[in-house]
Amino acid sequence: AYRNFSSHPPEKERTLIVVKPDGVQRRLVGRIVQRFEQRGFKLVGLKLLQVSEDLLAQHYQQLRSKPFYPDLVQYMTSGPVVVMAWEGHQVIQSSRKMVGHTNPAEAQAGTVRGDFSLHVSRNVVHASDSPEGALRELQLWFQGQELLNWDCVDQFITCEDI
Ligand code: IDP
């Protein structure tokens, strides 16, 4: 396995991506999923859910004292979210780049936020920002058995060579 990467083996890193309520309501789920598939990442967890204020308080524990926190809670609980776990080489760093700047006005074209949003209070998507954050958030949003390990049917042709 990974014979073509002998000096730089790919890392099996995982991250949490959440399509926020505005993304679900605006029918952006498919296009966001498509970007991660197209990049070559592997989907290892996926569900639609209504977030509780308690889970959100844990997820955004570092923002609880911010003046915008009440609005953030209202936003994030305004409808269902799609929660995903994606796996692949440097997926945490790459997905932050794919998602773009927190403030869509600063986000580059080609990023999810830069292509689909205008305002920081409706910025469509969440992506974990560090290995520690990704681990913490995956454990918060997913039960262990909801994250699956699986192989490509064509792994001997393509998947090893991605
Ligand atoms: P991130 O989502 O890019 O990691 P954070 O600073 O962790 O950015 O902020 C979390 C979320 O809080 C943002 O994605 C956005 O939805 C919301 N947020 C951040 N700053 C503001 C603000 O100044 N006004 C309103 N909402 C904000």
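Computed from a predicted model, the values in this text were never measured in an experiment. Remember, it's 1-based here, ligands and their atoms both numbered in the order they're listed.
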query: Quick one: does ligand 1 sit under 4.0 Å from the side chain of Asn103, the backbone, both or neither, non-hydrogen atoms only?
result: neither
- prompt: Side chain, backbone, both or neither: which part of Gln62 comes within less than 4.0 Å of ligand 1 when only heavy atoms are counted?
  reply: neither
query: Does an N or O from Ser121, backbone or side chain, lie closer than 3.5 Å to an N or O of ligand 1?
result: no
- line: Within the 4.0 Å heavy-atom cut-off, what Arg113 brings close to ligand 1 is side chain
field: Part of Asp71 within contact of ligand 1 (heavy atoms, under 4.0 Å)
entry: neither
task: Considering heavy atoms of the protein only, find what lies nearest to atom 9 (O) of ligand 1 and give residue, atom and distance to 0.1 Å.
output: Leu63 CD1, 3.5 Å
- prompt: Of the protein's non-hydrogen atoms, which lies at the shortest distance from atom 24 (N) of ligand 1, and what is that distance?
  reply: Val120 CG1, 3.5 Å
- prompt: Taking the six-membered ring for Trp, are Phe41 and Phe36 parallel (under 30°), tilted (30 to 60°) or perpendicular (over 60°)?
  reply: tilted
message: Please compare Phe68, Tyr69, Tyr75, Tyr60 and report which has the shortest non-hydrogen distance to atom 25 (C) of ligand 1.
response: Phe68
message: With a 4.0 Å cut-off on heavy atoms, is Asp129 in contact with ligand 1?
response: no
message: In this structure, does ligand 1 have an atom that sits under 4.0 Å from one of the heavy atoms of Arg96?
response: yes
task: Could you note down all residue pairs passing side-chain hydrogen bond (donor to acceptor under 3.5 Å, both in side chains) where residues 78-93 supplies at least one of them, sequence neighbours left out?
output: Arg14-Glu87
task: Can you pull out the closest protein heavy atom to atom 17 (C) of ligand 1? Residue, atom name and distance to 0.1 Å, please.
output: Leu72 CD1, 3.7 Å
query: Within less than 4.0 angstrom of ligand 1, does Lys20 place any heavy atom?
result: yes
task: Would you kindly specify which portion of Asn123 sits under 4.0 Å from ligand 1, judged on non-hydrogen atoms: side chain, backbone, both or neither?
output: side chain
message: For atom 3 (O) of ligand 1, what's the nearest protein heavy-atom neighbour? Residue, atom name and distance, please.
response: Thr102 OG1, 2.4 Å
